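Take a look at the structure set out below.
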Amino acid sequence: MMSCVLGFEMTAAIASSFPVSSLTKTTSTNTHSILLHCPFRPLTFTSSSSSFSSRTILNGSSSTRLASIRCFSVLTPELKTTLDKVVTSHKVVLFMKGTKDFPQCGFSNTVVQILRSFNVPFETINILENEVLRQGLKQYSNWPTFPQLYIEGEFFGGCDITVEAYKNGQLQEILEKAMCS
């Protein structure tokens, strides 16, 4: 299965009824299927066209028809170019929920505190201010969560990877090299 999208539209019936944890697209002979992984029950949408104009939700033994679900990529060439410029314009860039002075999430706050402990300059971008940016970054980095840390233009990781690298000394080494270059 290949990853489908990070930007998508759902009918209100799905969005309000099911917490969806992932979206994937499979392709087989002229048929496209989207499998939405739901912690409560599987949902499958199938169509013979690429527009996904008509769907069936499979929910145990019953099924429901829905009118529309569109799958599209939000990482346009323009957004990719902009992100390339942003991550290379500073040695350390953190895409986070909130700002370094007012983090809006515990994971973002953790990474900010780690970076501050090294006393390195870093830029932050609040992904809560722009939904297209938030969804495009997920595709750009191939990483589904925030915060996202970039060092010298390269994606380093999220909170868990940053914490682990902090604990084992790897992050300090990488940051020292970045500051010297």
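A quick note: this is a predicted structure, and the numbers were derived from the prediction, not measured. Along the sequence shown, residues carry numbers from 1.
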Item to check | Interatomic spacing from CG in Leu175 to CD in Gln170 - rounded to 0.5 Å | outcome: 10.5 Å
Next on the checklist: To the nearest 0.5 Å, what is the distance between CG on Leu75 and CD on Gln135?
Outcome noted: 11.5 Å
Checklist outcome for this item: For Arg116 and Asp101, the nearest pair of non-hydrogen atoms, with its separation, is NH2-OD1, 3.1 Å
Checklist entry - From Glu164 CD over to Leu171 CG, what is the distance, rounded to the nearest 0.5 angstrom? => result 11.0 Å
Item to check | From CG (Leu115) to CD (Glu123), nearest 0.5 Å | outcome: 11.5 Å
Checklist outcome for this item: Asn130 and Val132 have their tightest heavy-atom pair at OD1-N, 3.0 Å
Checklist entry - Atom CG in Leu94, atom OG1 in Thr162: separation rounded to 0.5 Å? => result 8.0 Å
Checklist entry - Does Ile125 reach the side chain of Leu137, with side-chain heavy atoms less than 4.5 Å apart? => result no
Next on the checklist: Run Phe95 and Leu83 through side chain to side chain contact (heavy atoms under 4.5 Å, CB included) and show every step you take.
Outcome noted: CA-CA 11 Å; Phe95 292 93; Leu83 290 171; 4.1 Å; yes
Checklist entry - Glu129: what forms a salt bridge (Lys or Arg N to Asp or Glu O under 4.0 Å) with it, not counting sequence neighbours? => result none
Item to check | Nearest non-hydrogen partners of Ala178 and Ile151, listed with the distance | outcome: CB-CG2, 3.8 Å
Checklist entry - So do the side chains of Lys80 and Tyr140 get within less than 4.5 Å of each other, counting heavy atoms only? => result yes
Next on the checklist: With a sphere of 6.0 Å drawn around CG of Asn168, does it hold more than 12 non-hydrogen atoms of other residues, nucleotides or ligands?
Outcome noted: yes
Item to check | Side-chain donor or acceptor of Lys91 paired with backbone N/O of Val120 under 3.5 Å | outcome: no
Item to check | Stepwise side chain to side chain contact (heavy atoms under 4.5 Å, CB included) test for Tyr150 and Thr88 | outcome: CA-CA 9 Å; Tyr150 287 78; Thr88 58; over 6 Å; no
Item to check | Spacing of OG belonging to Ser108 relative to CD belonging to Gln148, to within rounding of 0.5 Å | outcome: 10.0 Å
Item to check | Donor-acceptor side-chain pairing of Gln172 and Glu176 below 3.5 angstrom | outcome: yes
Next on the checklist: Ignoring hydrogens, what is the shortest heavy-atom contact between Pro103 and Asn109? Give both atom names and the distance.
Outcome noted: CG-OD1, 3.5 Å
Checklist entry - Tyr166 vs Phe118 aromatic rings, parallel, tilted or perpendicular, using cut-offs 30° and 60°? => result perpendicular
Next on the checklist: I'd like to know if Phe107 and Ile161 are part of one continuous hydrophobic network [Ile/Leu/Val/Met/Phe/Trp/Tyr, side-chain heavy atoms within less than 4.5 Å].
Outcome noted: no
Next on the checklist: Is it true that, when you exclude Gln104 itself, more than 12 heavy atoms of the residues, nucleotides or ligands shown sit nearer than 6.0 Å to its CD?
Outcome noted: yes
Checklist entry - Taking the inter-plane angle between the rings of Phe155 and Trp143 on a 0 to 90° scale, is it parallel (under 30°), tilted (30 to 60°) or perpendicular (over 60°)? => result tilted
Checklist outcome for this item: Heavy atoms of Pro147 and Val111 approach each other most closely as CG-CG2, 3.7 Å
